[in-house]
Amino acid sequence: GGTMAATGGAKTRLYVEDDLGDGRTVGLSASQAHYLKHVLRLSSGDRVVLFNGHDGEWLSSIDDIGRGWGSLEITRQLRAQSEEPDLWLFFAPIKRARLDFLVQKAVELGASRIMPVMTERTEVRRLNVERHRTNVIEATEQCERMTLPSFAEPQSLVAMLDSFPEDRTLAVCAERGDAPMLDDVLRAPEAAMQRWAILCGPEGGFTERELDALRKLPFISLASLGPRILRAETAVLSAVTCWQAALGDWRQRPPERDLA
Ligand code: SAM
């Protein structure tokens with residue numbers, strides 16, 4: 001539309017691995033070059049916003065672009081680096097289309113680490129980690145985050161709990177039983193002093209054996225998401241939303257940027 005034309009495509013936001021700074025030139029990957037040239041139809045002189053997760057956000061302009069290659073010249077910094085909240089997210093993988101949705105939304109909602117865990121009733125056993133990492137990058141570019149969440153290789157629940165750090169609390173979403181409400185858990189006075197992770201189970205739920213094992217761990221806090229049984233992705237995204245509202249950065253607003 002008109003806005004895109006007026007800003008010369010400057011709304012296009014790309015994650016790059018190169019260092020970013022005044023006077024630098026950045027190379028495009030083959031797929032980025034393809035996307036800019038053939039999908040967005042950008043050419044030399046068009047502007048692109050760049051970030052790499054640690055050097056802030058920069059305005060650049062396309063220097064030259066061809067089939068499968070391209071370079072950008074940095075114009076100026078748009079935003080200093082800032083950190084996203086520290087929230088780890090564990091969930092049992094679900095079927096592909098819903099998992100894609102879940103991962104995209106978890107990025108938008110601000111999770112800092114995304115980690116699939118295999119529980120006893122997890123039915124999806126194979127997962128294309130590279131594809132999910134590409135989805136994470138796309139969602140990060142699109143939602144204007146400043147940091148790239150990591151997407152870990154899947155682990156078994158047992159291995160995950162074995163290596164769980166001592167200085168973090170794991171909120172385990174448990175639909176049956178008498179766990180306190182997640183919102184109450186996260187708004188308790190001591191909650192703000194803790195680092196957090198969230199764990200949700202698969203469509204079949206956790207087994208009694210898993211719940212018994214979880215209850216015995218000192219760093220666990222079982223929590224309820226209310227009277228309805230939520231699908232796995234709804235549970236994960238509701239829990240992240242709850243955490244963001246209680247302890248996250250939702251009191252901040254998207255920054256103004258001058259892209260002209
Ligand atoms: N098959 C299970 C049952 O009928 O009891 C339901 C599992 S639910 C579809 C999938 C996961 O979402 C659960 O393992 C849990 O982590 C989470 N979940 C769903 N609804 C929830 C609720 N009301 N409170 C807490 N967690 C919930």
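No hydrogens, no waters, no symmetry mates; every other heavy atom, side chains included, goes into these values. As the structure is a prediction and not an experimental result, all values here were calculated from the model. Just so you know, ligand 1 is whichever comes first in the structure, and atom 1 is the first atom listed for that ligand.
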Pairs involving residues 244-260, ordered by first then second residue, that meet salt bridge (charged side-chain N to carboxylate O under 4.0 Å, His left out) (sequence neighbours left out):
Glu57-Arg257, Glu144-Arg257
Minimum heavy-atom separation for Gly56 to Leu20, with atom names?
O-CD1, 4.2 Å
Assess whether a salt bridge exists between Asp183 and Arg187, defined as any Lys/Arg side-chain N lying under 4.0 Å from an Asp/Glu carboxylate O.
yes
Using a 4.0 angstrom limit on heavy atoms, which residues are close to ligand 1?
Cys173, Ala174, Glu175, Arg176, Cys200, Gly201, Pro202, Glu203, Gly204, Gly205, Phe206, Ala223, Ser224, Leu225, Gly226, Arg228, Ile229, Leu230, Ala235
Under 3.5 Å, side-chain donor or acceptor atoms of residues 60-73 against the rest of the protein: list the pairs with distances, not counting sequence neighbours.
unit_1	atom_1	unit_2	atom_2	d
Ser60	OG	Val48	O	2.9
Asp63	OD2	Ser71	OG	3.2

Considering only residues two or more places apart or on different chains, which pairs with a residue in residues 226-239 satisfy salt bridge (charged side-chain N to carboxylate O under 4.0 Å, His left out)?
Arg98-Glu233, Glu203-Arg231
Please tell me whether Ser238 and Thr241 have a donor and an acceptor in their side chains that are separated by less than 3.5 angstrom.
no
